[in-house]
Amino acid sequence: MTSSLTAEAVIVTARTAGLDLTPETALRIATAVAPALDAFAPVSGTLPLDLEPATFLRVQRQGDGE
Amino acid sequence: MNAHAATPASARIDDPALLTLTQAAAAIRSGRLSSREATLACLARIEIAQPRLNAFISIEAEAALKAADAADAALARGDVKGPLHGVPLAHKDMYYDAGHVVTCGSKVRRDWVAPLTATALQRLKDAGTVRLGALHMVEFAFGPTGHNPHYGPARNAWNPDHVTGGSSSGSGTAVAARLTYAALGSDTGGSIRLPAHFCGISGLKTTVGLISRAGAMPLSQSLDTVGPMARTVEDCALLAGLMAGADPADPTCADRPVPDYLAATAQPLAGRVIGIPTRFYVDDLDADVAEALDEAIVTFARAGARLVPVDLPDQSRLSAASTVILLSEAAAFHAEGLARRPQDYGDQVRARIENGFVLPAVTYLEALRWRGPALAAHLEAIKGLDAVLAPGAPMPAPTLAETDLGGAPNAEAMIQRLTRFTRPVNYLGLPAVSIPAGFTKTGLPVGLQLMGKPFDEATLLALGAAFQRETDFHTKMPELP
C-alpha cells in the first residue's frame, strides 16, 4: 500500500513534539496512522475557505429528527 | 447454546436480579420488592460471577446495602426520590463520583478520588439509584476489546475465553450476566455498541450534545458521548430520558426539550422506513452476522416496516476522519500524563496515544471542518428513512488470545476490523441503538445497530423496542459460571 507517512517523517514530526522515537516505534506509528491519512487524503486540501468547524453544529441542529 | 429464556413476569420477583430495570424500578416503588432484596440479589450474582468475568473494578457491598436500607426507609415514609428509587446500579469507572476513587481503568488514576460528580451520574442518583460499585473498562476508554494490563481483562459472560468488546467492557458483561440492571457506558469509537454486540445486550449511543459530558473522563471532546447499556431498549429509553438535557457545566450540551423516550418505545413499526446499506456495512461479514442481519430484515418487514436499499456516502473516509480526530484529541488530553508518568500507561494505550502526536494540526482541523458537509451529505442520502440498519461489527466476539497485541500475529488487523462499522457514526455525531439479534452456532451473541438522525433517539428507541416485541434475543442470558 502506498503510504503518505514514512517512519522518517514520523521521527521528524515527533521531535517537534518533544518525543525522541526509536526507528522501530516510528515505523509502528507510521504503519498505524498511514491508513487513516491515506483514506482522508482526498478531502485534505479541498475544503473551501469559508468552511468552519462549527458548520457541523449548524447542520446537526437543522438535520435533527424532530 | 448456553442460554435460556428469562422466566415469566409473574415468577421473576422470586429472583429479583432477573428483572429488567423498568420492572425492578416498578416493583420497588410498588412495595413488591425492597431495595435491599434487589441489591442482595445483584450482590449474590456478583459474588459468583466476578472471579470468572472480572466485570467490576470495585464492589461496595456494605455501602450498597446501607444505601438500599435508607431507600427502603424513605419509601416507607412515602418519600420517593425518583423513578429509579432504590434500584442498584453500577457504571463504567470513568464517571466521576465525588469522594469515590475513579480509576478510569488506569494505573495513573488507581487512587484518584473524584472531586465532583458527573452530571449524568448525578441525574441517575437524583432518580434514586443505589451504587453497587464500579465497572471494569479499557484503560482510559482507549481500546475496543476489553484487554486491560492493570486490572486484567473483563471476560465475556457467554464465554470467558472471548472478549467483551470495549471500552465499556465491564458494563457489557455485567449487564449480560445480570449483575446490574443497567450501566452507563461511553461511546467515542464504538465503546457502547461493540460490547452490546459482543455481549448480547441493548445500548444507546447518543447524539453528540444530547447528554452532558461534565464529569465524564474525556477521551475526545469532539466524539465522546454518554449512553446507557441495559437488557432492553425500553430500559435504555428510561435512562436516556433521565440523563438528557441542558447542563450549565457542559456548554456543548444542547439546550432542547427532552422527548418522552419511554413513551416512544410503545410506538408500532407500521409505516416506518428502514434503509439497508448496499455496501460497506454488508461487506466482509462473518456468516453468523450476515444471517442475523437477513433474519432481522425479515422480522422488521413482517412487523410492518418498509425496508429499502440505501447508498451511503463513502463510510471509509468518515472512519478515517474519525480516527484523525480521536488520535489527535486523545494525544492532547494525555500529553501531560504521558510525559510525566509514561511507565504507568499500558503498552497498548501508550502506543495509541503516541500515534496522535505525529498527526499534522492542519489535517486534524480539516477533519473537524469536513464534519458539517459530511453530515449534510449523509442526511441527504438517508432522507425519507427513519433509520439505517447494520451489524454492530462484522464478526462475533473474538477470543482474548486472538486480540492480544503482545502475542497474536494478526491482532492489529482484527482490532481494526472490529471497529469498522462503528466509527462513521461517531464522526457524524449520530445516535444509534444496539439490539441483540441472534447467536452464533457456538452460542456467542450477535447484534445490530439502528443508526438515525441527530437528536432522533426517540425513533431509534421505537424501532428497537418494536424489534424486541417481535424477538426474544434480549431475554436470553448466559448461565452463571
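Computed from a predicted model, the values in this text were never measured in an experiment. Side chains included, hydrogens not; waters and symmetry mates left out as well; all remaining heavy atoms used. Just so it is clear: chains get the letters A, B, ... in the order the sequence lines come, proteins before strands, and each one is counted from 1.
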Just checking, any donor-acceptor pair under 3.5 angstrom between side chains of [X] and [Y]?
{"X": "B/Tyr364", "Y": "B/Glu329", "value": "yes"}
{"X": "B/Gln315", "Y": "B/Tyr281", "value": "yes"}
{"X": "B/Glu457", "Y": "B/Thr207", "value": "yes"}

Shorter than 4.5 Å, heavy atoms on both sides: which option in [options] has the most such pairs with chain B?
{"options": "A/Ala54, A/Ala26, A/Ser44", "answer": "A/Ser44"}
{"options": "A/Val12, A/Val10, A/Leu47, A/Thr55", "answer": "A/Leu47"}
{"options": "A/Thr31, A/Val43, A/Thr13", "answer": "A/Val43"}
{"options": "A/Thr16, A/Leu51, A/Leu57, A/Ile29", "answer": "A/Leu51"}

query = Among B/Thr252, B/Leu327, B/Leu379, B/Val362, which has the most heavy-atom pairs under 4.5 Å with chain A?
reply =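 Among the listed options, the one with the most contacts to chain A is B/Leu379.
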query = Taking every heavy-atom pair that is under 4.5 Å apart, which of B/Ser316, B/Ala351, B/Ala321 has the most such pairs with chain A?
reply =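 Looking at each option in turn, the highest pair count goes to B/Ala351.
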Is any NZ, NE, NH1 or NH2 atom of the basic residue among [X] and [Y] found under 4.0 Å from an Asp or Glu carboxylate oxygen of the other?
{"X": "B/Glu336", "Y": "B/Arg340", "value": "yes"}
{"X": "B/Arg341", "Y": "B/Asp344", "value": "yes"}
{"X": "B/Arg369", "Y": "B/Glu366", "value": "no"}
{"X": "B/Asp284", "Y": "B/Arg417", "value": "yes"}

Interface moiety of [X] toward chain A, non-hydrogen atoms closer than 4.5 Å:
{"X": "B/Ala458", "value": "neither"}
{"X": "B/Thr323", "value": "side chain"}
{"X": "B/Ala254", "value": "both"}
{"X": "B/Ser322", "value": "neither"}
{"X": "B/Ala339", "value": "neither"}

Name the region of [X], side chain, backbone, both or neither, that has any atom closer than 4.5 Å to a heavy atom of chain B.
{"X": "A/Arg58", "value": "neither"}
{"X": "A/Thr25", "value": "side chain"}
{"X": "A/Val33", "value": "side chain"}

task = Decide yes or no for B/His147 and B/Asp404: does some side-chain heavy atom of the first lie under 4.5 Å from some side-chain heavy atom of the second?
result =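 Counting from C-beta outward, B/His147 and B/Asp404 do come under 4.5 Å.
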message = Looking only at the aromatic ring of each residue, does the gap between the centers of B/Phe333 and B/Phe140 stay below 6.0 angstrom?
response =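 No, the ring centres sit 6.0 Å or more apart.
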